[in-house]
Amino acid sequence: MRPAAATVRAMNLLLAEDDTLLADALQQQLLNAAFKVEWAENGAVAEYLLRKQDFDVAILDLGLPLVDGLTVLKRVREAGRTVPILILTALDALEHRVAGLQAGADDYLTKPFDFPELEARLHALMRRGRPAMQSQQLRRLSLDRAARRASIGGEVLELSPREWTLLDLLVAERDRVVTKPQIVAAWGSEDSAGGSIEVYIHRLRKKLEGSGLAVRTVRGLGYLLEATASRA
Amino acid sequence: MPASRSLHRQLLLWLLLPQIVLWLVAAFGAYRVASRHADELVDASLLQAARALARQIKPTASGLFVDLPRSAQDILSADPEDRVMYTVSSPPGQLLLGDARMPPPPGQPVLEVPVFYDATVPEPMRVVSLDLHLGAAGAADSALRVQIARASAPRELLARRMLLDTALPLSVLIALMSVGVWAGIRRGLRPLAELQRQMEGRRADALDPVQLRAAPPEVSALAGALNELLGQVQQSLAQQRRFISDAAHQLRTPLAGLKSQTELALAANTDPALRPRLERVHESAVRGARLVSQLLVLARAEPEAMAVQGWGMVDCHALVNRTVAAWVPRALAAGCDLGVEVGSERLLVQGVDLLLGEALVNLIDNAIRYAGPGATITVRLRRVGDDVWLDVEDNGVGLPPELRGRAFERFVRGPTTGEGCGLGLAIVREIAERHGGSAELLPAAPQGCIARMALPLAPA
């Protein structure tokens, strides 16, 4: 199983889904992925819980009984709740997508789905919802964002500002492709000395040796930070 | 329905045939009238000549004195080409003067009544025979016969000329009228031709109503009936598609549940006897889920569905980068090296972004599925003439040649057993064709497979 980002407490999640077969399995899978799940079987309960309780993230089906998901979403947003909400639905036409996002959803995933993708999106939503975690542990790599410092097994890495920014970006987008334009944009006006992206990647790879992480080149697109297979 | 002559030809036939018959009857009638008038004219002049000749015959004591002055001779030979013959006999039959070949009149002539008849001496001639009293009235034997004959040829000539004078303008009139009728039929049948043109040039799935400008009521009614039928077909097709789409949507949630449940069971189960069975159930659930998704994509590639999905300019470069970036994690999980090769040229096609992305996803998914772990998969984008070629190349085992053509048919699946539902390439082809392009599978060198979508570049 994928190592979740190091977090102190379990994340509160509301699952609004009326299909018991799916809800039952999802609850278990989310529990395994270190979520604390509250299940709402219909739209009315979902709306009540979203208004009254604080969740870190919510999964909302559109075809809910009593009150449909889109209405729940609109009412919750009108009530000023900002909890990140992911719509999980069987409706995948563009107009449904657009309607869902316009009503205030933060992401949209269609059934059937792969659980790892759902989990990744939930984490991405929670990251987006609050400022980047001040400190983060990934395999043997530790990031201290306040100090802009990275260490492997307690040993601090010597990183130039550009190398730090590159590593920060790759960690934030881990397991996803980081394109070259993304890297250039992240660097912004940081000191321009020191060669091309390839050169920085090459240096970073060397420095990440032994961290349990590797930078993979995606031909023609960019780079991706992944866990090396040797140590699970 | 037996093959029948074209409406155009039939109308032409039935309008022109009576005209030709009428023309023939009129011509024949005109000829008859003309001959009669010619006869009457000739007969009148013959009789006049006969009377004039008779006046010149005076009885004398010793017999008869024929005073044929110059003027009378002129009358008899008015036309130098007229061959004229005359006889004077008294008593009738006994030649006094003239040509002995003159044939006698038929029947028993009555005094003072002219007899007209035709004879051949040796050429056809018209003859008048007039019996008159000679001298004292009452003497039975004192009768005189004057006969004048003139060749019939001029008479026939006259009749023919009169016929020609009538028939010629009539023929011209008929010809003009035929042209008019032909043009009229063409004009009248034009809406039908237009209807035919519209129906012939139509794709099998084009069910939009027929548009006719200013058609006569008969054709409008036909077009109306046709449009009604097209509308009904369209409606029932739309209903069917909606049913497929609804059914697919309804299947999605339980399939997602089934899939999640088997995933959980597989994660928790350690019983080696149960595991293969669970794996099979899971595989089926995944395949079912995929099939349902693909059916929905197919439904969305239908023309009327495409119209509402936002047809616009699609930047192929962005499409490829976005789609491949999203699929890299899955490719890595499957042990495949997925990358892109795109030039710097901006390539735009017209179409539905989401559908083209879906087609590309299917090609990448197929490559991962069939090339297997360890494969290198490259998505290549380039311009070839007025087309954009979107290639997904893998270095897997390739596709047997006999499957290459059929792979685009629905529910034909490759040799590798997997989660493929057999709709992926059918969807790719459908989407490519909806965008005016095509899709094909080619062998790659030294091994592997290239799946190519060719799409027409948007006009600059």
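These numbers come from the heavy atoms of this one structure, side chains and all, not from hydrogens, waters or symmetry mates. Below, read A as the first sequence line, B as the second, and so on, with proteins coming before strands; counting in each chain starts at 1.
Counting all heavy atoms, side chain and backbone alike, A256(B) lies closest to P112(A) at CB-CA, 3.9 Å. When every heavy atom of G257(B) is checked against every heavy atom of A25(A), the shortest pair comes out as O-CB, 4.3 Å.
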V177(A) vs N321(B), test: side chain to side chain contact (heavy atoms under 4.5 Å, CB included). Steps then yes/no. CA-CA 10 Å; V177(A) 177; N321(B) 283 351; over 6 Å; no
Assess whether side chain to side chain contact (heavy atoms under 4.5 Å, CB included) is satisfied between V218(A) and L338(B), documenting all intermediate values. CA-CA 7 Å; V218(A) 181; L338(B) 175 64; over 6 Å; no
In sequence, state the C-alpha distance, the side-chain angles, and the governing distance for V340(B) and R219(A), and then conclude on side chain to side chain contact (heavy atoms under 4.5 Å, CB included). CA-CA 6 Å; V340(B) 300; R219(A) 282 176 296 125; over 6 Å; no
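Within the 4.5 angstrom heavy-atom criterion, only side-chain atoms of L224(A), from C-beta onward, approach chain B. Using a 4.5 Å cut-off between heavy atoms, T253(B) contacts chain A through both its backbone and its side chain. Both the backbone and the side chain of D114(A) come within contact range of chain B, each with at least one heavy atom under 4.5 Å from a heavy atom of that chain. Looking at I377(B), the atoms closer than 4.5 Å to chain A (heavy atoms on both sides) all sit in the backbone: N, CA, C or O. Interface remark: T179(A) contributes no atoms to any contact with chain B (heavy atom separation under 4.5 Å).
Annotation: Q235(B), atom CD; neighbour count of heavy atoms from other residues, nucleotides and ligands within 6.0 Å does not exceed 12. Remark: E279(B) CD is packed, more than 12 non-hydrogen atoms of other residues, nucleotides or ligands lying under 6.0 Å away.
V324(B) is listed as a side-chain neighbour of L221(A), based on a closest heavy-atom distance under 4.5 Å. Counting heavy atoms from C-beta outward, E117(A) and R330(B) have side chains that approach closer than 4.5 Å.
Annotation: residues 60-72 of chain A contacts chain B through no residue [non-hydrogen atoms, separation under 4.5 Å].
With hydrogens and angles disregarded, no donor-acceptor distance shorter than 3.5 Å links the side chain of Q261(B) to the backbone of L22(A). Distance alone, capped at 3.5 Å, is enough to place a donor-acceptor pair between the R252(B) side chain and the K111(A) backbone.
With chain A as partner, the option from V342(B), T378(B), L251(B), L296(B) having the largest number of non-hydrogen pairs under 4.5 angstrom is T378(B). Counting heavy-atom pairs closer than 4.5 Å to chain A, the top-ranked of the candidates L332(B), T262(B), L258(B), T376(B) is L332(B). Residue with the most contacts toward chain B among T20(A), L91(A), D19(A): L91(A) (heavy-atom pairs, distance under 4.5 Å).
Here the NZ-CG distance, from K259(B) to L21(A), works out to 13.0 Å after rounding to the nearest 0.5 Å.
Among residue pairs with one or both ends in residues 313-353 of chain B, none qualify as ring-ring contact (aromatic ring centres under 6.0 Å, His included); sequence neighbours excluded.
Judged as a side-chain hydrogen bond (donor to acceptor under 3.5 Å, both in side chains), and not counting sequence neighbours, the contacts of E198(A) are K180(A), S196(A). Listed by chain and number, the residues in a ring-ring contact (aromatic ring centres under 6.0 Å, His included) with F113(A) amount to none (sequence neighbours excluded).
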